[in-house]
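Input: a single structure, listed below in structure tokens.
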Amino acid sequence: MDPMEERARRIVETAVELAEQGGFEAVRLRDVAAHAGVALGTLYRRFRSKEDLLLAALELETQDLRARVLKRPAEGDTPFERVAGFFQQMTRALLRRPNLARALVRALATGEPALAQKVARFHTDVGALIIAALRGEPVGAVALPSEREQQIANVLQQVWFSSLIGWSAGLHGQSAIVDTTRTAARLLLENGAA
């Protein structure tokens with residue numbers, strides 16, 4: 001997200017609070033505007049929809065995750081160990097507030113063409129974090145990925161996201177997200193080389 005002016009940040013933080021309390025359905029734009037102390041028109045000038053607002057919240061969450069990864073990179077001697085650790089760290093961070101996480105997953109899966117760029121930015125950011133874990137390099141130091149690294153990052157991200165959707169729908173618990181992604185990483189990286 002561009003550096004947000006104070007009002008836009010307050011709107012996003014209010015949406016996060018409402019989502020934490022009641023999930024996706026609790027983020028009603030009228031309520032967000034009222035709780036943030038802004039006119040509904042002001043909110044609509046910055047955010048087109050509830051999903052747009054929640055994707056802005058996801059961007060803040062992603063920035064927080066990136067800072068965590070920079071502070072404490074995934075550990076391990078092999079690409080598999082680092083990637084498995086990264087997904088465990090990322091899942092734990094995202095799901096620490098389950099109602100918000102479910103709202104964010106729903107916003108990511110919105111399918112609104114107008115929001116595709118924001119969804120793509122999230123996938124690009126997560127892909128860069130996965131590739132950094134594959135290489136065992138700091139996030140900011142990652143050079144252009146090889147085709148294989150990009151493919152591995154894409155597949156793992158899709159497995160992780162589909163597991164998040166299953167968790168969000170109540171099909172399985174948080175540990176299944178990590179276990180499924182870990183299994184996919186093992187199958188892709190079983191020879192220990194990225």
Counterpart residues, salt bridge (charged side-chain N to carboxylate O under 4.0 Å, His left out), relative to [X] (two or more places apart):
X      : result
Arg30  : none
Lys50  : none
Asp125 : none

Within-4.5 Å side-chain heavy-atom neighbours: [X] and [Y]:
X      : Y      : answer
Ser163 : Thr91  : no
Pro98  : Gln174 : no
Ile152 : Leu189 : yes
Leu18  : Thr14  : yes

Are [Y] and [X] connected into the same hydrophobic cluster when the rule is that any two of I, L, V, M, F, W, Y join if their side-chain heavy atoms are below 4.5 Å apart?
X      : Y     : result
Leu53  : Leu40 : yes
Leu134 : Leu70 : yes
Tyr44  : Val32 : yes

Can you give me the closest heavy-atom contact between Arg10 and Gly37, atom names plus distance?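 For Arg10 and Gly37, the tightest heavy-atom pair comes out as NH2-O, 4.0 Å.
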Taking all non-hydrogen atoms of both residues into account, name the closest pair between Pro145 and Gln150 and its distance.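 What the structure gives for the nearest pair is CG-OE1, 3.2 Å.
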Starting at [atom1] of [X], measure out to [atom2] of [Y] and round the result to the nearest 0.5 Å.
X      : Y      : atom1 : atom2 : result
Arg48  : Glu112 : CZ    : CD    : 9.0 Å
Leu43  : Arg7   : CG    : CZ    : 11.0 Å
His123 : Phe161 : NE2   : CZ    : 5.5 Å
Leu95  : Trp167 : CG    : CH2   : 4.0 Å
Leu94  : Thr62  : CG    : OG1   : 8.5 Å
Ile131 : Glu149 : CD1   : CD    : 6.0 Å

Return a table of donor-acceptor pairs under 3.5 angstrom between the side chains of residues 177-185 and protein atoms on other chains or two or more places apart.
from: Thr180; atom 1: OG1; to: Ala176; atom 2: O; distance (Å): 2.8
from: Thr181; atom 1: OG1; to: Ile177; atom 2: O; distance (Å): 2.8
from: Thr183; atom 1: OG1; to: Asp179; atom 2: O; distance (Å): 3.0

Could you list the residues that satisfy side-chain contact (heavy atoms from CB on, under 4.5 Å) with Gln151, not counting sequence neighbours?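 Partners of Gln151 under the side-chain contact (heavy atoms from CB on, under 4.5 Å) test: Glu147.
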Validation: residues 19-29 side-chain donor-acceptor distances under 3.5 Å, sequence neighbours left out:
from: Glu20; atom 1: OE2; to: Arg97; atom 2: NH1; distance (Å): 2.7
from: Glu25; atom 1: OE2; to: Arg106; atom 2: NH1; distance (Å): 2.9
from: Glu25; atom 1: OE2; to: Arg106; atom 2: NH2; distance (Å): 3.3
from: Arg28; atom 1: NE; to: Asp31; atom 2: OD2; distance (Å): 2.9
from: Arg28; atom 1: NH1; to: Glu25; atom 2: O; distance (Å): 3.0
from: Arg28; atom 1: NH2; to: Asp31; atom 2: OD2; distance (Å): 3.2

Worked verdict on Phe122 versus Leu55 for side-chain contact (heavy atoms from CB on, under 4.5 Å): CA-CA 9 Å; Phe122 171 75; Leu55 288 175; over 6 Å; no
Side-chain H-bond candidate by donor/acceptor type, Gln158 with Asn154, under 3.5 Å: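 Not at all, the side chains of Gln158 and Asn154 share no donor-acceptor pair under 3.5 Å.
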Would you say the side chains of Thr124 and Arg121 form a donor-acceptor pair under 3.5 Å?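 No donor-acceptor contact under 3.5 Å links the two side chains.
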Within 6.0 angstrom of Arg72 CZ, more than 12 heavy atoms from elsewhere: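 At most 12 heavy atoms, drawn from other residues, nucleotides or ligands, come within 6.0 Å of this atom.
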Could you walk me through whether Leu60 and Arg9 satisfy the side-chain contact (heavy atoms from CB on, under 4.5 Å) test, starting with their C-alpha distance in whole Å, then the side-chain angles of each, then the deciding distance to 0.1 Å, before giving a yes or no? CA-CA 9 Å; Leu60 289 178; Arg9 182 173 288 278; 3.6 Å; yes
Do the side chain of Arg82 and the main chain of Ala74 share a donor and acceptor less than 3.5 angstrom apart?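 Such a contact is absent between Arg82 side chain and Ala74 backbone.
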Can you tell me if Arg92 uses its side chain to pair, donor with acceptor, with the backbone of Gln89 under 3.5 Å?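 Between the backbone of Gln89 and the side chain of Arg92 there is no qualifying donor-acceptor contact (under 3.5 Å).
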Going through the checks in order, is the side-chain contact (heavy atoms from CB on, under 4.5 Å) test met by Phe87 and Ile130? CA-CA 8 Å; Phe87 277 108; Ile130 295 167; 3.5 Å; yes
